[in-house]
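Reading through the structure tokens given below for one structure.
The chain is numbered in sequence order, starting from 1.
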Amino acid sequence: MVLAGIAVWVASIAVGYVINDIWLMRLYHANAWAYRRAGDVRTLVPIGLGVQLLGCLAFAFAYAKGYERDHEGSEVAQGIRFGLVVALMVAGFATVWNLVTQPIAVRLGVLETVSRVGEFGIYGAVVGLIYRHPEPRLPKVDSDIVDLEAGFRQVESRNATHEGRETHEKANHDVRKIHEG
């Protein structure tokens, strides 16, 4: 889970660079008066990256908690679906409010909101690719006895004591008597 979170963090730095420093840069320059100066931003970047890492770890944690082993589709498809849901949450709670509260061009606000959907779709694909849900552990057993007539299944543990086995055998005998009438 931690590895998936770190992978998402690395991906978010790369994707963030492409979106903000290449694709939207011209619009940021046109709206520069609404943002901090580059020198002021540089001093805050370490804080931003640290909190972003925490967010990416939380993203991977939430994916792991919501992972559906039996759901149709690959892990990557599940990750993309998860990322799109998170994108709608982030856009709905935060990104759109940049447009509402900051004096930026409507086009920039809309493109920032749209970019969140693409970003989080990518982050979901990354976490889906990296995260592997652990297989459930099955108990180790000495015997697996099935009595089809009585309609029950008895599984004895390797650690069962002789007294425990006698108790189970007596209980199974009593159940058989009840079923037989």
Quiz item: How would you list all residue pairs meeting ring pair (Phe, Tyr, Trp, His ring centres under 6.0 Å) that involve residues 106-126, not counting sequence neighbours?
Solution: Phe59-Phe120, Phe120-Tyr123
Check [X] against [Y] and note the closest heavy-atom contact, atom names and distance.
X	Y	answer
Ala105	Leu99	O-CD1, 4.1 Å
Val127	Ala4	CG2-CB, 3.6 Å
Phe82	Tyr63	CZ-N, 3.5 Å

Taking atom [atom1] of [X] and atom [atom2] of [Y], what is their separation to the nearest 0.5 Å?
X	Y	atom1	atom2	answer
Leu24	Arg107	CG	CZ	9.0 Å
Asn98	Thr101	CG	OG1	6.0 Å
Leu111	Thr95	CG	OG1	12.5 Å
Asn20	Glu119	CG	CD	6.5 Å
Arg26	Leu108	CZ	CG	10.5 Å
Leu129	Ile80	CG	CD1	9.0 Å

Is it the case that one hydrophobic cluster holds both [X] and [Y], taking links as side-chain heavy atoms less than 4.5 Å apart, direct or via other members?
X	Y	result
Trp9	Val2	yes
Val8	Val10	no
Val86	Val96	no
Val117	Val18	no
Val126	Met1	yes

If you look only at distance, which donor and acceptor atoms sit under 3.5 Å apart when one is on a side chain in residues 37-57 and the other is two or more places apart or in another chain?
unit_1, atom_1, unit_2, atom_2, d
Thr43, OG1, Asp40, O, 2.8
Gln52, NE2, Ser12, OG, 2.5

Considering residues, nucleotides and ligands other than [X], do more than 12 of their heavy atoms fall under 6.0 Å from its [atom1]?
X	atom1	answer
Trp23	CH2	yes
Tyr35	OH	yes
Phe61	CZ	no

Quiz item: For Glu75 and Gln78, what are the C-alpha separation, side-chain angles and deciding distance, and is it a side-chain contact (heavy atoms from CB on, under 4.5 Å)?
Solution: CA-CA 5 Å; Glu75 287 86 3; Gln78 284 193 52; 5.5 Å; no
Exercise. Carefully, step by step, assess Arg132 and Tyr67 under the rule side-chain contact (heavy atoms from CB on, under 4.5 Å).
Key: CA-CA 10 Å; Arg132 293 289 176 255; Tyr67 178 78; over 6 Å; no
Quiz item: With no hydrogens and no angle check, is any side-chain donor or acceptor of Asn31 less than 3.5 Å from a backbone partner on Ile104?
Solution: no
